[in-house]
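Read the structure below first, then the notes.
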There are 2 protein chains.
Amino acid sequence: MSRERSGSTLSTRAAHLGPAVRRPLVLDAALAVWAEHGYRGTTMAAIAAQAKVSKPVLYECFDTKDAVLRALLDREEDRLMRATQQALTVDASSDLRTTVAQSYEAFFAAVLAHPVSWRVVFDAQGVLPQEIDNRYRKARAVFVRQIAELVRSLTTSGKELTDAEAAVLASNLARLAEDNATVLLSDEGHDWTPATLAAFVTRVALDAWS
Amino acid sequence: MSRERSGSTLSTRAAHLGPAVRRPLVLDAALAVWAEHGYRGTTMAAIAAQAKVSKPVLYECFDTKDAVLRALLDREEDRLMRATQQALTVDASSDLRTTVAQSYEAFFAAVLAHPVSWRVVFDAQGVLPQEIDNRYRKARAVFVRQIAELVRSLTTSGKELTDAEAAVLASNLARLAEDNATVLLSDEGHDWTPATLAAFVTRVALDAWS
DNA sequence: ACGGCTTCCTACCGTTCGGTAGGATTGGGC
DNA sequence: GCCCAATCCTACCGAACGGTAGGAAGCCGT
């Protein structure tokens, strides 16, 4: 409830920069607010306060809130893409496995280098009320832990997994379930049945441990 | 903007059911509203309208909006879990691969049987403003198509993939990237580096096609 | 039929948030 | 020094939403 500087009086007056110069500064402010307070906390008043500027100045730079968010996503997405794109270029001299491994590594490195951009562009963070969000995470954690347990109890000896590996694998299996459920329900998903899709995703996910 | 019956006059008067009897009906209404208008459209007024009841009646059933949502998630989650749980039980007589395949199949079947429950419990749908959401989906689609292209151009002949399979595989690879990026940035992710995580997820995802 | 208790409805309040009107301040050109 | 255009700020509006007050309508026992 302690929303400091929520939108009222500014202490000092901002410099005369004009929309063109201030626009990137506004995006910086929006990014900072999003990083700290999540999507729901990213209000025009909060962005203005972070930029040390009044709301009408914001509206000189961007016509609407959606315009701010779009510009922000454009910029941060571009930042991430430039960092990974070269790795996604097809290198005819290497095989698929090497290419995929390199792409993943480049992507993960980019995420570590720009964690805030990552959260803004891809992670749906802070969109739901906190209590609901916590609930969701907790439920998923239980589910994943159950899967991890199952995986560990069924892996053949000789191919044992560390705790960290089992946790990641379980999380991945759960995520694949969610992703493919979405596929199944989407407009393009009518070629699949639960059986065929399950067989396919099992092949994707598990041949290394079968 | 045509929000019918947004909260004003009701045409007929509802029956005298009392909170205990009406509570499940309220949840049904909330589910229907969520299915049609997404999370953002699920307001107390909309739920009341769908239930053909006034807002104070809602508040007789549930003290707060969060309470409604929590009860709804409890119910729908339970519905899905009951449908998949038996498949997740460890069956010592079968191997890991079979168990995973059966679990996936049970899960997908449950999702198909209760698509609305699925969307409410797992799919973050309609939380973002539509324009932003469209943007996100479009960006991801481009990304996934690029991956699909890459996968097809690199698969060794003799293990060719259909279009549908390549699309699903590409979507899965992208989702794995997102999931593992989250792992990498989470509190438990400090044991991983981009390189080790990339190697592991490649092993997870791709040994079937290497 | 009538009292009383339960249940329901209309109409409202307070807050938050996107967006705007209109006046004050700055600074560059002369 | 003075003027004018560009820029910024305070103060406000209206809509949407969660939540509530207070009275009307229905139901049941007597």
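Numbers restart at 1 for each chain; the letters A, B, ... are given by sequence-line order, proteins then strands.
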Inset, instruction - Applying salt bridge (charged side-chain N to carboxylate O under 4.0 Å, His left out), run through D74(A) and R79(A) and close with a yes or a no. - result: CA-CA 9 Å; D74(A) 275 335; R79(A) 203 176 270 180; over 6 Å; no

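- The CZ atom of F62(B) sits 16 Å away from the C1' atom of dG18(D) (whole-angstrom rounding).
- Regarding R40(A), its CZ atom lies at a distance of 11 Å from the C1' atom of dC17(D), rounded to whole Å.
- Looking at E165(A) and R152(A), no side-chain N of the basic residue comes within less than 4.0 Å of a carboxylate O on the acidic one, giving no salt bridge.
- Looking at the side chain of L10(B), the nearest of the listed nucleotides dT10(C), dC8(D), dC17(C) is dT10(C).
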Inset, instruction - Determine, stepwise, if the pair D66(A) / R70(A) fulfils salt bridge (charged side-chain N to carboxylate O under 4.0 Å, His left out). - result: CA-CA 6 Å; D66(A) 270 4; R70(A) 256 176 302 164; 5.4 Å; no

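- Side-chain atoms of A14(A) lie closest to dC8(D) of the nucleotides dC8(D), dG19(D), dC9(C).
- The distance between atom CG of D66(B) and atom C1' of dC17(D), rounded to the nearest whole Å, is 14 Å.
- Taking atom CD1 of residue I47(A) and atom C1' of nucleotide dG18(C), one finds them 11 Å apart after rounding to whole Å.
- With dC9(C), dT7(C), dG18(C) as the choices, the nucleotide that has an atom nearest any side-chain atom of K55(A) turns out to be dG18(C).
- An OP1 or OP2 oxygen of dA16(D) is reached within less than 4.0 angstrom by no side-chain nitrogen or oxygen of T43(B).
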Inset, instruction - Give the B/S/- string for nucleotides 24-30 of chain C, one per nucleotide from 5' to 3', where a protein heavy atom under 4.0 Å of the base yields B, of only the sugar-phosphate yields S, and otherwise -. - result: BBB----

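- Listed by chain and number, the residues in a ring-ring contact (aromatic ring centres under 6.0 Å, His included) with F122(B) are W118(B) (sequence neighbours excluded).
- Atom CG of L25(B) is separated from atom C1' of dT7(C) by 15 Å (rounded to the nearest Å).
- In summary, R82(A) and E77(A) do not engage in a salt bridge, as defined by a charged side-chain N under 4.0 Å from a carboxylate O.
- As a whole-Å value, the separation of L69(A) CG from dC17(C) P is 14 Å.
- For Y59(A), the side-chain atoms get nearest to dT20(C) when compared with the rest of dC8(D), dT20(D), dT20(C).
- Distance, D63(B) CG to dG19(D) C1': 11 Å, rounded to whole Å.
- In terms of position along DNA chain D, the nucleotide closest to V53(A) lies nearer the 5' end than the nucleotide closest to the other residue of the pair V53(A) and A15(B).
- Rounded to an integer number of Å, the gap from CE of M44(A) to P of dT16(C) is 18 Å.
- Between D133(B) and R40(B) no salt bridge is recorded (no basic side-chain N to carboxylate O distance below 4.0 Å).
- T64(A) has a side-chain polar atom (N or O) that falls below the 4.0 Å cut-off from OP1 or OP2 of dG19(C).
- The shortest non-hydrogen separation linking F108(B) to A181(A) is CE2-N, 3.8 Å.
- Between T12(B) and P56(A), the residue anchored nearer the 5' end of DNA chain C, judged by the nucleotide with its closest heavy atom, is T12(B).
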